[in-house]
Amino acid sequence: MTNPIVDKRILITGAGRGLGAAYAVIFADLGAELTLAGRKPEALEAIARAIRERTGKMAEIVALDLADVAQVEETASRWCKARRPLDILVNNGAMWLAGPMESHGVGEIARTLTANIAGTLVLTRGLLPVLKQSPAAD
């Protein structure tokens with residue numbers, strides 16, 4: 001059986017911790033070329049170091065705040081203008097509001113919704129041109 005991930009180019013949002021970091025390590029172990037995206041570059045760098053130590057491969061790091069739609073649009077535009085191939089987009093990045101609802105201001109709520117919905121959709125839409133060029137797009 002062949003490995004469907006080997007040499008695939010994968011972008012993972014929310015890759016600095018939790019499930020996104022776990023996906024990154026697993027995909028690296030399977031031979032993927034990774035781009036790790038998230039709000040905290042230091043967390044992404046720690047995951048990239050762990051991947052390098054495990055596999056010898058370097059993962060690229062992209063600072064990306066999904067709540068900043070202009071930044072998301074610019075990131076996708078740069079990727080497409082550079083004609084960088086992309087096979088798989090893992091939309092894992094998400095913000096959440098811990099604690100009681102009444103403890104959160106309207107701005108926090110709006111930022112969370114923007115990141116989780118608009119940011120994710122804008123990134124996906126922006127990367128569709130390169131994803132559509134991949135015979136293995138997912």
Side-chain angles (χ1 to χ4, degrees):
M1 185 158 102
T2 61
N3 176 351
I5 299 298
V6 71
D7 295 328
K8 295 293 186 276
R9 288 136 324 195
I10 302 175
L11 169 61
I12 305 170
T13 64
R17 64 180 180 181
L19 193 55
Y23 285 144
V25 170
I26 291 167
F27 289 148
D29 284 347
L30 292 172
E33 268 182 52
L34 295 175
T35 300
L36 311 177
R39 287 180 288 147
K40 298 180 179 172
E42 60 280 357
L44 298 171
E45 289 167 8
I47 300 304
R49 275 193 307 276
I51 288 169
R52 187 178 62 243
E53 289 169 8
R54 283 175 73 96
T55 68
K57 291 181 116 181
M58 294 292 298
E60 178 187 10
I61 294 170
V62 174
L64 180 63
D65 183 351
L66 291 171
D68 183 341
V69 177
Q71 182 187 51
V72 172
E73 203 168 27
E74 175 60 27
T75 298
S77 176
R78 271 195 322 268
W79 192 295
C80 291
K81 283 180 183 170
R83 297 179 182 205
R84 294 185 56 198
L86 183 63
D87 299 304
I88 299 170
L89 171 59
V90 179
N91 282 313
N92 173 73
M95 296 172 66
W96 65 91
L97 298 171
M101 181 57 74
E102 60 271 10
S103 70
H104 302 290
V106 172
E108 277 183 289
I109 294 168
R111 185 168 161 71
T112 300
L113 291 173
T114 298
N116 295 349
I117 300 168
T120 297
L121 292 174
V122 168
L123 182 62
T124 303
R125 183 198 67 180
L127 293 172
L128 276 176
V130 291
L131 283 165
K132 286 182 176 182
Q133 291 176 0
S134 168
D138 196 1

Check whether [X] reaches the backbone of [Y] with its side chain - one donor and one acceptor, N or O, closer than 3.5 Å.
X	Y	result
Thr13	Gly93	yes
Asn3	Leu30	yes
Asn92	Gly14	yes
Thr55	Ile51	yes

Taking [Y] as the starting point, is it possible to reach [X] by hopping between hydrophobic residues whose side chains are less than 4.5 Å apart?
X	Y	value
Ile26	Ile10	yes
Val25	Tyr23	yes
Leu19	Ile12	yes
Val90	Trp79	no
Leu64	Trp96	no

Taking the side chain as everything from C-beta on, heavy atoms only, tell me whether Glu108 gets closer than 4.5 Å to Leu97.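 Side chain of Glu108 against side chain of Leu97, heavy atoms only: contact under 4.5 Å found.
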Measuring from atom [atom1] of [X] to atom [atom2] of [Y], what distance do you get when rounded to the nearest 0.5 angstrom?
X	Y	atom1	atom2	result
Glu102	His104	CD	NE2	8.5 Å
Arg9	Leu131	CZ	CG	10.5 Å
Leu86	Leu127	CG	CG	6.0 Å
Leu11	Leu89	CG	CG	5.5 Å
Ile47	Glu42	CD1	CD	11.5 Å
Arg49	Arg54	CZ	CZ	15.5 Å

Considering all heavy atoms, the nearest [X]-[Y] contact:
X	Y	result
Ala43	Gly16	CB-O, 3.6 Å
Leu36	Ala48	CD1-N, 3.9 Å
Ala63	Gln71	O-NE2, 3.9 Å
Arg111	Asp65	NH2-OD2, 2.6 Å
Ala24	Leu34	O-CD1, 3.1 Å
Asn116	Ala94	OD1-CA, 3.2 Å

Walk me through whether Val72 and Thr75 qualify under side chain to side chain contact (heavy atoms under 4.5 Å, CB included). CA-CA 5 Å; Val72 172; Thr75 298; 5.8 Å; no
Would you call [X] and [Y] a salt bridge, using N to O less than 4.0 angstrom?
X	Y	value
Arg39	Asp68	no
Glu74	Arg78	yes
Glu33	Lys57	no

Under the criterion side chain to side chain contact (heavy atoms under 4.5 Å, CB included), I'd like the reasoning laid out for Thr35 against Arg84: C-alpha separation, chi angles, the key distance, then a yes or no. CA-CA 11 Å; Thr35 300; Arg84 294 185 56 198; 3.6 Å; yes
From CA spacing to verdict: side chain to side chain contact (heavy atoms under 4.5 Å, CB included), Phe27, Ile88: CA-CA 11 Å; Phe27 289 148; Ile88 299 170; 5.6 Å; no
Derivation of the side chain to side chain contact (heavy atoms under 4.5 Å, CB included) call for Leu44 and Lys40: CA-CA 7 Å; Leu44 298 171; Lys40 298 180 179 172; over 6 Å; no
